[in-house]
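Heads up, the thing below is written out as structure tokens.
Note on naming: letters A, B, ... go to the chains in the order of the sequence lines (proteins, then strands), and numbering restarts at 1 for each one.
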Number of protein chains: 2
Amino acid sequence: MKLTPVMEKFVLHWGEMGWRWGINRSVAQVHALLMLAPKPLPADEICESLNVARSNVSNSIKELQGWGLVRVVHVFGDRREHFETLKDVWEMFLIILRERKKREIDPTLQTLRECAAESAKDKNTGDHTTQRLNELIEFMELSSSWAEKAHALSPTAAKRLCSLGDKVFRLVG
Amino acid sequence: MKLTPVMEKFVLHWGEMGWRWGINRSVAQVHALLMLAPKPLPADEICESLNVARSNVSNSIKELQGWGLVRVVHVFGDRREHFETLKDVWEMFLIILRERKKREIDPTLQTLRECAAESAKDKNTGDHTTQRLNELIEFMELSSSWAEKAHALSPTAAKRLCSLGDKVFRLVG
DNA sequence: ATACTATTTCTGTAATTACAGAAATAACCA
DNA sequence: TGGTTATTTCTGTAATTACAGAAATAGTAT
């Protein structure tokens, strides 16, 4: 499938943005392509569209599956696997939120707790350091609990909550 | 300054985490060190603590200043510049939020709008694609408006809002 | 089974990024 | 002014990452 200029533009931009958030460029590009595609695509069409090697697509897809963002679809009369991404942007957002919590926030919280515990004992580590670690723990715990609550929402509820912006901020403003 | 094992552990972990979010490892490590340090540090002490080259520290500091996370402090009887990071975790969080919005969300929104406009005209680009772009725009616009509102909060208000988790989620749950 | 196609894994290379050390510049002092 | 120290910028190299193509594996059909 030859990409239209619009699709190409989007794919490039999405690749760049993913990149800035620590996602491999090709991975993000494959994701972008699947978002725009009207139907599931087989790997070789992805290669062709993005001008990358077959192996690259294979690995990118695997990575996206690891995130839970892409799944396999089978098409009648075609032995090849076809791939699609989730249709709902909000659902994707919640999935990414959960994954990043699991991969980054949770381990950080654990490390911080270990550090704070050791730090409190260790005479060589100053009070200031211990205090700082505790502040970070408090922050991370709150983030974590938000992420958990958010993840319990349905995609539509998440959307509704975000649309309620003003009301939410009036709670403290 | 020789780091204690606890500090070392934290610095390494923070470097790793920053890395996963698209921040250079050294940059994140310098930031970590400054968070733990009880007082502003001159560049050469940072070199020594982290075992990196002077030039590396110089560039990392510049990067952190670009984010608005580090500032210069002058110390009596010392010609060298000393560096400190913000003390308030919440304030740092809000700053990072604002910066990432400016650097990533805003440009993405602009590109998406351009794509959607061209896509709507272009006969070669399918309706599905246009629709998908519009969904993304809607999502990004809501994210953007949340980020703006959040940024208008004081650090303490932000903290309060996060602590209010249950109340917030009850709005839709 | 064997031929054929799809898919993954492996391997080497290209490209990028990170970073140390050198050189250059700037700031300060006497 | 010249000497001294702090800081930045430049340059080459080391390390990492990205990725194409080859080889290997798995799956399907006849």
Side-chain angles (χ1 to χ4, degrees), chain A residues 1 11-34 39-67 70-84 103, chain B residues 1 11-34 39-67 70-84 103:
Chain A
M1 184 176 57
V11 164
L12 288 174
H13 185 87
W14 202 251
E16 185 60 27
M17 284 304 117
W19 169 251
R20 298 219 194 168
W21 289 82
I23 306 294
N24 176 292
R25 221 177 237 112
S26 308
V27 172
Q29 286 184 359
V30 170
H31 182 230
L33 176 61
L34 291 178
K39 54 183 179 45
L41 299 178
D44 47 2
E45 270 194 48
I46 300 176
C47 297
E48 201 193 326
S49 302
L50 300 179
N51 281 300
V52 295
R54 186 50 235 267
S55 54
N56 193 356
V57 169
S58 176
N59 290 325
S60 297
I61 291 280
K62 213 166 57 173
E63 173 81 14
L64 287 165
Q65 286 177 318
W67 281 83
V70 160
R71 58 179 162 230
V72 175
V73 172
H74 285 284
V75 169
F76 264 126
D78 195 332
R79 277 168 52 192
R80 298 171 303 176
E81 295 189 304
H82 291 58
F83 302 97
E84 65 176 9
R103 297 176 189 203
Chain B
M1 184 175 57
V11 164
L12 288 174
H13 185 87
W14 202 251
E16 186 57 29
M17 285 304 116
W19 169 250
R20 298 220 195 165
W21 290 82
I23 307 294
N24 176 292
R25 222 177 236 113
S26 309
V27 172
Q29 286 185 359
V30 170
H31 182 229
L33 176 62
L34 291 178
K39 54 183 177 45
L41 299 178
D44 47 2
E45 270 194 48
I46 299 177
C47 297
E48 201 193 328
S49 301
L50 300 179
N51 280 300
V52 295
R54 187 48 235 269
S55 53
N56 194 355
V57 170
S58 177
N59 290 326
S60 297
I61 290 278
K62 213 167 57 175
E63 173 81 13
L64 287 165
Q65 286 177 316
W67 282 82
V70 160
R71 59 180 161 229
V72 175
V73 173
H74 285 283
V75 170
F76 265 127
D78 194 334
R79 274 169 55 193
R80 298 172 304 177
E81 295 188 306
H82 291 58
F83 302 97
E84 65 176 9
R103 297 177 190 202

Exercise for the section: Enumerate the residues from residues 24-34 of chain A whose closest heavy atom to DNA chain D is under 4.0 Å, giving them by residue number; use none for an empty result. Expected result: A:Asn24, A:Ser26
Problem - pair B:Val72-B:Gln65: side-chain heavy atoms closer than 4.5 Å - result: yes
Practice task
Would you mind reporting whether A:Leu64 and A:Phe83 have side-chain heavy atoms less than 4.5 Å apart?
Solution key: no
Exercise for the section: Mind jotting down which residue pairs meet the salt bridge (charged side-chain N to carboxylate O under 4.0 Å, His left out) criterion with at least one end in residues 52-66 of chain B? Sequence neighbours excluded, please. Expected result: none
For residues 42-52 of chain A, run the donor-acceptor check on the side chains, cut-off 3.5 Å, and write out each pair with its distance to 0.1 Å, sequence neighbours left out.
from, atom 1, to, atom 2, distance (Å)
A:Asp44, OD1, A:Arg80, NH1, 3.1
A:Asp44, OD2, A:Arg80, NH1, 3.0
A:Glu48, OE2, A:Met1, N, 3.4
A:Ser49, OG, A:Met1, O, 2.8
A:Ser49, OG, A:Glu45, O, 2.8

Starting at [atom1] of [X] and ending at [atom2] of [N], how long is that distance when rounded to a whole Å?
{"X": "B:Glu63", "N": "C:dT17", "atom1": "CD", "atom2": "P", "answer": "13 Å"}
{"X": "A:Ile23", "N": "D:dC19", "atom1": "CD1", "atom2": "C1'", "answer": "18 Å"}
{"X": "A:Asn56", "N": "C:dA14", "atom1": "CG", "atom2": "P", "answer": "17 Å"}
{"X": "A:Ile61", "N": "C:dA6", "atom1": "CD1", "atom2": "C1'", "answer": "14 Å"}
{"X": "B:Glu16", "N": "D:dT16", "atom1": "CD", "atom2": "P", "answer": "12 Å"}

Problem - Any residue meeting side chain to side chain contact (heavy atoms under 4.5 Å, CB included) with A:Val75, in chain and number order, not counting sequence neighbours - result: A:Asp78, A:His82
Handout entry: Which residues share a ring pair (Phe, Tyr, Trp, His ring centres under 6.0 Å) with A:Trp21, sequence neighbours left out
Key = B:Trp21
Handout entry: For A:Glu84 against A:Pro40, the heavy-atom pair lying closest together
Key = OE1-CG, 3.7 Å
Fill in the blank from the handout: Contact string for nucleotides 5-12 of chain D, one letter per nucleotide 5' to 3', B = base within protein heavy-atom range under 4.0 Å, S = sugar-phosphate only, - = neither, reads BSSBB---
Practice task
Could you grab the distance from atom CZ of A:Arg20 to atom CD1 of B:Ile23, nearest 0.5 Å is fine?
Solution key: 10.5 Å
